[in-house]
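Worksheet for the structure shown next.
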Amino acid sequence: DRDLIAAGNEGVWLGNATSGMKRVLPFAVPSLAWSRDGSRVALGTQTGRVIVIDRTGNVLEELEAGTGLTHVAWSRATN
């Protein structure tokens with residue numbers, strides 16, 4: 001089973017071949033970046049938030065950036 005994440009104008013979905021897809025966040029996500037080890041994904045929202053979730057969709061951290069985000073990335077030193 002491979003994990004899958006889909007992000008777009010209507011939200012973020014997580015899933016795999018056996019569990020199907022589940023919606024985990026109900027807002028637009030124009031950018032995302034996986035951590036180097038693949039255990040977390042950072043999502044940049046149009047409202048200026050960065051949300052870090054794990055592979056099962058649990059929210060690990062939320063940050064306010066203040067404006068809409070066009071790109072997110074992990075630091076090479078910390079991920």
Could you state the interatomic distance from CG (L63) to CD1 (I51), rounded to the nearest 0.5 Å?
-> 9.5 Å
With sequence neighbours excluded, residues passing side-chain hydrogen bond (donor to acceptor under 3.5 Å, both in side chains) with T45 | T47
Compare every heavy atom of [Y] with every heavy atom of [X], then report the nearest pair and how far apart it is.
{"X": "V72", "Y": "A33", "answer": "O-CB, 3.5 Å"}
{"X": "G44", "Y": "P30", "answer": "O-CD, 3.0 Å"}
{"X": "R40", "Y": "W34", "answer": "O-CE3, 3.2 Å"}

Of V59, V50, I53, V52, which meets side-chain contact (heavy atoms from CB on, under 4.5 Å) against L43?
-> I53
With sequence neighbours excluded, what pairs up with E64 under the salt bridge (charged side-chain N to carboxylate O under 4.0 Å, His left out) test?
-> R49
